[in-house]
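Report on one structure; see the data block that follows.
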2 protein chains.
Amino acid sequence: MARLDRSLIAGASAFAGLSAEALDEILSRAEILRLLKGETAFRQGEKADRFFLLLHGRLRVTRVNAQGAQILVRFIAPNDLFGVAMAIGAAAYPGTATAATESLALAWPNASWAELIATYPSLAVQAMQSLGARLQDTQDRVLELSTRNVERRIAGAVLKLARQAGRKTDEGVLIDFPLSRQDLAEMTGATLHTVSRTMSAWEAKGLVACGRQRVVVRDEPGLAAIANSDE
Amino acid sequence: MARLDRSLIAGASAFAGLSAEALDEILSRAEILRLLKGETAFRQGEKADRFFLLLHGRLRVTRVNAQGAQILVRFIAPNDLFGVAMAIGAAAYPGTATAATESLALAWPNASWAELIATYPSLAVQAMQSLGARLQDTQDRVLELSTRNVERRIAGAVLKLARQAGRKTDEGVLIDFPLSRQDLAEMTGATLHTVSRTMSAWEAKGLVACGRQRVVVRDEPGLAAIANSDE
DNA sequence: CGAAGTCTTGAATCGAATCAACGGAAGTGG
DNA sequence: CCACTTCCGTTGATTCGATTCAAGACTTCG
């Protein structure tokens, strides 16, 4: 009873190079998870008993500290594996994954992880590489926070989002999911006030167009010049 | 010709649970690397053709950006695997590893990595978990940089170092390798001036004792109170 | 001994947070 | 459909933490 089509996961790099039979086998163990905007796939501190693949939509991953301050760790895009806490030896999810738009994901019980990597070793290699890429990204973020001022950090964040979730429109490159000033603030270690001021200034210069939870990049090279300027 | 004794690597968690024969086999492929203080195991951007295990000493890993600003990514302790760029799919080393004290390491050619994890799958699992732990640490660092002021960040960094490299003395817990104000500044995203001022104030309160490239924690709970204080 | 590296401390400046008030858009419920 | 609430965004004034600028002291080493 093949309820799910293998084309659903064929695009995921985690499963790259696997045969049609392997994909079917993997799919047969998955459960479908539908999330409305604002619903969570998992919450920080919760016992980690499943891992996921996003099929459609966009999730925000946040992390809070003991004092209640929050950062936005990353956005999860379709075909990303997420919530693999178990694979890295964590008993609990280290963050909270919330749907930024209505989303669709697959979920596997943790037990499947060990079985899958035993059967398909390339999965472990892929997972390690994606983890490595995230580590590099996060270290780059530390470098940015330590050495660049707020305006350059915001420019970097907006450019990154435009590249990974941009949709060309006649106005420019639209970041194709709801993105608030607060989100950008939590990504860059700034306040929403500073983000708002900065983007207003950019809008006046024609670099971006923006609205409520909406950002359009009109002049990518101009933003890149801000992001990469020395000094 | 067993020039190296297997006890050298028996303590490394990466090789936990492997048999004596396996350890000997792994050792037989390794090359010994001696580093004087200030020498590097590898440099950022260099083609990554080897991975390493630190046997003795302490290495500083730094990363610079295009503008020349630098951060201290981490200190490598004995029994840590490092320079595993290849395992995470990076062609070049993403940072520079410099000996903070005279050090001794083992080095394997990249080709050994694939062979080793094929023969000893637990090595892949261990590597993934240590990578996961580093990702968590780095995300915590982003959270700190985004939400805590400099004094709390420095307190957190000093406590972490005291826990991972502390040696009990009659004065207090000595951080057992040369650690300059500049190092702490690069770990916390501050300037060496602010670090110096902060530590002078702490010394006056009896929280720490310090000297040239030398830090002793005299009142751990007191420092922890600073690190964890709300606002 | 001179030179280079490390650390300290003061004074001035500045970037971004904080404090504060308000406008507008979207969602909710009667 | 309209009143109400809530969420999101803007903008000004003020404050403050940390950097920057500057000078000098101490340590270690060749």
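Atoms considered below: every heavy atom in the structure, side chains included; atoms not considered: hydrogens, waters and symmetry mates.
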Protein-nucleotide distance (W202(A), atom CH2; dG9(D), atom P), rounded to Å: 15 Å
Options dA18(D), dA16(C), dA13(D), nucleotide nearest the side-chain atoms of R197(A): dA13(D)
Residues in side chain to side chain donor-acceptor pair (under 3.5 Å) contact with R43(A), at least two apart in sequence or another chain: none
Touch class at under 4.0 angstrom, heavy-atom based, for E151(B) against every strand present: nothing
Salt bridge E144(B)-K160(B), side-chain N to carboxylate O under 4.0 Å: no
Whole angstrom value for the distance that separates C1' of dC8(D) from CE of M199(A): 13 Å
Flag for S229(A)-R152(A): side-chain donor and acceptor within less than 3.5 Å: yes
Phosphate OP1/OP2 of dT9(C) contacted by S200(B) side-chain N/O (<4.0 Å): yes
Rounded distance [0.5 Å steps], CG in D183(B) versus OG1 in T188(B): 10.5 Å
Within residues 179-196 of chain B: residues closer than 4.0 Å to DNA chain D (heavy atoms): G189(B), A190(B), T191(B), H193(B), T194(B)
Gap between atoms CZ and P, on R148(B) and dA18(D) respectively (whole Å): 13 Å
Exam field: side chain N110(A) to backbone A48(A), donor-acceptor pair closer than 3.5 Å: yes
Separation of L59(B) CG from F82(B) CZ (nearest 0.5 Å): 4.5 Å
Length of the CG-P vector between L36(A) and dG27(C), whole Å: 14 Å
Nearest-angstrom distance from the residue atom CD of Q213(A) to P of dA25(C): 14 Å
Nearest-angstrom distance from the residue atom CZ of R153(A) to C1' of dA16(C): 10 Å
Spacing between L145(B) atom CG and dG17(D) atom P, to the nearest angstrom: 18 Å
Five-pair end axes of the helix from dC1(C)-dG30(D) to dC22(C)-dG9(D) and the angle they enclose, rounded to 10°: 40°
Residue pair E220(A) / L159(A), side-chain heavy-atom distance below 4.5 Å: yes
Parallel, tilted or perpendicular: ring planes of F42(B) versus Y93(B), cut at 30 and 60 degrees: parallel
Test: E186(A) and R63(A) ion pair at under 4.0 Å: no
Integer-rounded Å distance: dA16(C) P and N149(B) CG: 17 Å
